[in-house]
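Chain letters run A, B, ... following the sequence lines, proteins first, then strands; residues in each count from 1. Note: hydrogens, waters and symmetry copies are ignored here, and every other heavy atom, side chains too, is used.
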Amino acid sequence: MNKRLQSINIPVFQTDLLEWYYLNKRDLPWRREPNPYKTWVSEIMLQQTKVDTVIPYFNRFMEKYPTVYDLAKADEQDVLKSWEGLGYYSRARNLQTAVREVVDTYNGEIPNNEKELASLKGIGPYTKGAILSIAFNQPVPAVDGNVLRVFSRILQIEDDIAKQSTKKEIEQYVGEIISHQDPSSFNQAIMDLGATICTPKKPTCMFCPVMEHCQAFQHGIQEQLPIKKKAKKQKIKQYVVLLIRNDQGEYVIEKRSDQGLLANLWQFPMVPLDEVGIDQIEQWMYDKCGIDLQMESDCDNLKHTFSHIIWEMDIKKASTSQNFLNKDSLMFIAKEEIDNFPFPVSHQKMMKFL
DNA sequence: AAGGCGGGGGC
DNA sequence: GCCCCAGCCTT
């Protein structure tokens with residue numbers, strides 16, 4: 001056994017953790033009448049996203065797409081609409097790609113082995129382990145941010161948890177500590193522990209079922225762990241956003257590229273000010289989109305922060321006498337119809353000006 | 001190994 | 001303002 005693991009009594013640790021979990025586990029939609037599909041969908045939605053945010057999305061999604069077959073045959077735009085506001089939209093597109101592969105290649109049965117699961121789009125090391133353990137009760141680690149934090153404290157691991165080597169190390173430890181009696185509950189227990197007690201700031205160690213096993217607690221350094229290097233600052237990008245109305249009361253919307261940021265979502269036309277001067281907007285819109293527009297009035301300034309960019313948007317109203325556009329990615333749409341399209345949150349904030 | 005990829009909430 | 005969240009994919 002590894003030296004670091006000698007600090008804990010594994011059978012006692014498992015019992016302490018699982019008994020706490022059986023009494024205190026959270027009542028979550030994907031834990032009621034679970035099946036591998038529900039586990040899968042929930043795990044994708046929960047990537048980098050808090051439980052409270054996910055719950056309403058999950059419930060709506062399962063109502064609309066109860067099985068892999070329903071999701072496989074759905075229109076991608078409808079799936080994105082269901083995902084609207086949840087962020088990281090490639091998750092939704094990858095999920096649908098993977099579900100279609102499950103239907104086509106695996107007869108609709110979600111694979112229960114590492115190799116086939118890992119080959120599916122959007123399923124990485126964590127999600128693979130989560131599905132194998134939670135849905136199929138296999139003793140496989142599922143190392144997410146919670147698990148990294150909890151075990152960096154329990155085992156007093158002072159390496160940067162952002163590093164690949166640290167993740168592998170912790171994954172190996174979890175593989176040795178995980179309960180073979182109830183691996184599903186074990187992994188979920190660690191996550192519940194991380195979400196409710198072993199929190200990033202001010203962990204409530206007094207309520208922790210495994211405090212006696214925790215190296216960091218014994219040394220009083222739980223708030224110093226885990227070690228993680230700081231994120232980089234976001235770059236600012238400035239845009240003019242145009243609310244272009246024609247004389248039928250319709251507005252121009254455009255579909256974003258099928259890759260990159262907010263792929264395949266719709267938005268109001270955006271003019272990047274690092275490429276186009278403020279006095280060249282009309283000409284640029286005509287050259288690029290074939291829209292002959294007239295600037296009307298200033299509307300508002302909005303700032304929207306992503307994980308890696310900050311958009312500073314100057315919203316302006318404009319008008320055009322056209323009512324037809326010669327491009328698939330551009331269209332006129334009546335105000336009442338705009339709800340049918342998936343929009344990023346940044347542009348939803350502009351709807352009130354229409 | 002590093003960067004792209006959303007949005008919300010806590011402090 | 002900063003940090004974090006049931007991470008994955010591409011380069």
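Of the candidates B:dC5, C:dA6, C:dC5, the closest approach to any side-chain atom of A:R149 belongs to C:dC5. Across C:dC8, C:dA6, B:dG7, the shortest atom-to-atom separation from the side chain of A:R31 is found for C:dA6. Nearest to the side-chain atoms of A:K201 among the listed nucleotides B:dG10, B:dC5, C:dA6 stands B:dG10. Taking the side chain of A:Q164 as heavy atoms from C-beta on, and the options B:dA1, C:dA6, B:dG6, the nearest nucleotide is B:dA1. Ranking B:dC5, B:dA1, C:dC5 by closeness to the A:S307 side chain, first place goes to B:dC5.
In this entry the distance linking CD1 of A:I44 with C1' of B:dC5 reads 14 Å, nearest Å. Taking atom CG of A:L28 as the reference point, atom P of C:dC5 lies 17 Å away to the nearest angstrom. As rounded to whole Å, 16 Å separates atom C1' of C:dC8 from atom CD of A:Q259. Rounded to a whole Å, the CG atom of A:L302 is 13 Å from the P atom of B:dG7. Here the P atom of nucleotide C:dC8 and the CE atom of A:M45 are 16 Å apart, to the nearest Å. Separating the CG atom of A:L95 from the P atom of B:dC5 is a distance of 20 Å, rounded to the nearest angstrom. Atom CG in A:L46 sits about 15 Å away from atom C1' in B:dG6, given to the nearest Å. Put simply, CD1 on A:I310 is 13 Å from P on B:dG4, counting in whole angstrom units.
The same atom, C1', is picked in B:dA1 and in C:dC5; the two are 22 Å apart, to the nearest Å. Comparing B:dC11 with C:dA6, their P atoms sit 15 Å apart, to the nearest whole Å. Separating the P atom of C:dC9 from that of B:dG8 is a span of 24 Å, rounded to the nearest Å.
Between the side chain of A:R91 and the base of C:dA6, no donor-acceptor pair of N or O atoms lies under 3.5 Å. For a distance-only test at 3.5 Å, the side chain of A:T53 fails to qualify as a donor-acceptor partner of the base of B:dG9.
Here A:Y65 contributes atom OH and A:Y37 contributes atom OH; the two are 9.0 Å apart, rounded to the nearest 0.5 Å.
Of the side-chain N and O atoms in A:Q48, one or more sit less than 4.0 angstrom from OP1 or OP2 of C:dG7. Proximity of A:K232 to the phosphate of B:dG3: a side-chain N or O atom is located under 4.0 Å from OP1 or OP2. Contact between the side-chain N/O atoms of A:Y88 and the OP1/OP2 oxygens of B:dG4 is not found at any separation under 4.0 Å. In terms of phosphate contacts, A:K230 brings a side-chain nitrogen or oxygen within less than 4.0 Å of OP1 or OP2 of C:dC3. For the pair A:H308 and B:dG6, the criterion of a side-chain N or O lying under 4.0 Å from OP1 or OP2 is not met.
Under the Watson-Crick and G-U wobble criteria, each requiring two contacts below 3.5 Å, nucleotide B:dG6 is left unpaired.
Relative orientation of the A:F13 and A:F186 rings is tilted, given thresholds of 30° and 60° on the angle between their planes. In this structure, A:F268 and A:F343 have tilted ring planes: the angle between them lies in the 30° to 60° band.
At most 12 heavy atoms of other shown residues, nucleotides or ligands fall within 6.0 angstrom of atom NZ in A:K121.
Mapped onto DNA chain C by nearest heavy atom, A:K50 and A:I123 fall at different nucleotides, with A:K50 at the one closer to the 5' end. Between A:L262 and A:K202, it is A:L262 whose nearest contact on DNA chain B lies nearer the 5' terminus.
A:V51 comes within contact range of at least one nucleobase, with a heavy-atom separation under 4.0 Å.
Side-chain contact between A:Y173 and A:F151 is absent, with no heavy-atom pair separated by less than 4.5 Å.
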* To do: Take A:E282 and A:Q294, measure what side chain to side chain donor-acceptor pair (under 3.5 Å) needs, and give me the verdict at the end.
  => CA-CA 7 Å; A:E282 289 98 327; A:Q294 207 168 324; over 6 Å; no
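A cation-pi arrangement is present between A:R60 and A:Y57, with the terminal nitrogen or guanidinium carbon under 6.0 Å from the aromatic centre and inside a 45° cone about the axis.
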